[in-house]
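Worksheet for the structure shown next.
Because only heavy atoms are used, hydrogens play no part in the values below, and waters and symmetry mates are left out as well, while side chains stay in. Counting starts at 1 for both ligands and their atoms, in listed order.
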Amino acid sequence: MHDSASEPPDALADPGTLLATTHAVGGGLRVRLRLTRPADGLLVRAFLERLSPDARHRRFFSAMPVVSETLLHRFTFYDPRRRLVVAATTFVDGAEQIVGLADVTHLETGLAELALVVDEECQGHGIGRLLTEAIASLARRQGATHLKAELLERNAAMLTLMQRLGLTRQTFEDGVTILMTRLPDRTRRAA
Ligand SMILES: CC(C)(COP(=O)(O)OP(=O)(O)OC[C@H]1O[C@@H](n2cnc3c(N)ncnc32)[C@H](O)[C@@H]1OP(=O)(O)O)[C@@H](O)C(=O)NCCC(=O)NCCS
């Protein structure tokens, strides 16, 4: 991993390696990254329902008291040429549990939009960093040169995460903060 937010990396991690590995993050957690699939509806629902109204608000721009079927569908059925969803999962008593969810949507040539949220009990342990690296490298492989994120307010953790991916510009429009990151051209070879 790259260690300084002030110096963008010259290459992104290999997506295959990130998705094939179990990652030891902080807090003694071991997480796996994988693409979500149609059978994940219950896991995604349990994850979203555990989030506080504040976390839902930051992610969805709404406190979203009810997790709708439409929303679950967006996270579990998608056209992988236009949109990808990556879950960070752990095993609790032998059962898989989602602790972070990130998605990327291709908006136009070269531009993709990222959004993510991590379980509040697991924040600050590097899961956001793993998810953004995986999403960025998948988006890069599909042709994105720039990654955008829209935030409701200043969000220091998101700014750090985007700066770790590449040179990041921050603008403000109608109460929304927009981060635009230029992705490195290269992907690191798998180890
Ligand atoms: C943004 C979010 C996904 C980060 O997830 P996370 O798992 O806590 O992220 P990480 O543990 O990988 O930490 C990210 C970096 O931000 C830094 N950071 C975290 N909180 C911070 C804060 N309040 N101020 C400054 N830096 C902060 C961390 O130190 C870390 O940097 P480092 O790698 O140099 O140590 C998480 O806070 C979240 O789910 N927020 C609610 C939803 C949201 O805001 N989504 C963004 C809109 S789409």
Side-chain angles (χ1 to χ4, degrees), residues 1-9 12-13 18 21-34 36 43-44 46-65 67 71 74-75 78 83-90 97-107 111-139 144 146-181 183:
M1 279 190 197
H2 186 73
D3 275 326
S4 164
S6 57
E7 285 174 41
L12 291 166
L18 285 174
T21 315
T22 299
H23 304 267
V25 292
L29 286 168
R30 295 178 69 77
V31 303
R32 193 181 140 213
L33 301 180
R34 65 169 177 83
T36 59
L43 286 186
V44 172
F47 168 69
L48 294 177
E49 288 183 344
R50 273 199 316 276
L51 295 175
S52 70
D54 178 60
R56 292 186 198 189
H57 192 242
R58 284 171 175 268
R59 166 61 186 85
F60 297 104
F61 290 29
S62 137
M64 202 188 56
V67 175
L71 185 67
R74 280 188 55 219
F75 283 115
Y78 44 86
R83 189 175 145 76
L84 290 170
V85 182
V86 175
T89 70
T90 56
Q97 182 175 301
I98 294 177
V99 291
L101 204 54
D103 58 276
V104 65
T105 307
H106 291 274
L107 300 178
L111 178 64
E113 182 167 350
L114 153 84
L116 80 153
V117 61
V118 171
D119 187 320
E120 281 142 306
E121 288 189 6
C122 301
Q123 287 182 14
H125 294 315
I127 296 172
R129 186 167 164 182
L130 277 176
L131 282 169
T132 47
E133 285 190 344
I135 283 286
S137 57
L138 287 166
H146 289 80
L147 205 52
K148 171 184 168 181
E150 287 194 4
L151 316 171
L152 258 192
E153 56 246 343
R154 284 177 195 274
N155 186 327
M158 264 314 278
L159 180 60
T160 304
L161 290 173
M162 295 291 276
Q163 285 173 330
R164 283 188 176 283
L165 298 176
L167 273 181
T168 298
R169 204 159 37 87
Q170 186 171 196
T171 54
F172 306 94
E173 274 175 35
D174 301 328
V176 175
T177 301
I178 297 168
L179 302 180
M180 186 71 77
T181 301
L183 297 176

Count the heavy atoms of every other residue, nucleotide or ligand shown that sit under 6.0 Å from [atom1] of [X], and state whether that count exceeds 12.
| X | atom1 | answer |
| --- | --- | --- |
| E150 | CD | yes |
| R169 | CZ | no |
| E173 | CD | no |

Output yes when the distance from some N or O of ligand 1 to some N or O of [X] is under 3.5 Å, and no in every other case.
| X | result |
| --- | --- |
| G126 | yes |
| G124 | yes |
| R59 | no |
| L116 | yes |
| H125 | yes |
| R58 | no |
| G128 | yes |
| M158 | no |

Exercise for the section: With sequence neighbours excluded, tell me which residues meet side chain to side chain contact (heavy atoms under 4.5 Å, CB included) with A102. Expected result: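 Here the qualifying residues are L116, L131, I135.
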H146: side chain to side chain contact (heavy atoms under 4.5 Å, CB included) partners, not counting sequence neighbours: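 Partners of H146 by the side chain to side chain contact (heavy atoms under 4.5 Å, CB included) criterion, ordered by chain and then number, come out as L111, M180, R182.
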If we set the cut-off at 4.0 Å for heavy atoms, which region of [X] has an atom near ligand 1: side chain, backbone, both, or neither?
| X | result |
| --- | --- |
| L151 | side chain |
| V118 | both |
| L152 | neither |

Has [X] got a side-chain atom pairing as donor or acceptor with [Y]'s backbone, closer than 3.5 angstrom?
| X | Y | answer |
| --- | --- | --- |
| Y78 | T36 | yes |
| Q163 | T168 | no |
| R56 | M64 | yes |
| H23 | L18 | yes |

Output the list of atoms in ligand 1 that are nearer than 4.0 Å to some heavy atom of A115, sorted by atom number.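 Answer, ordered by atom number: 48 (S).
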Query raised in the report: Among T160, L161, T132, which one has a heavy atom closest to atom 31 (O) of ligand 1?
Result: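 Of the listed residues, T160 has the closest heavy atom.
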| request: Examine ligand 1 and decide if any of its atoms is less than 4.0 Å from a heavy atom belonging to E120. | output: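 No heavy atom of E120 comes that close to ligand 1.
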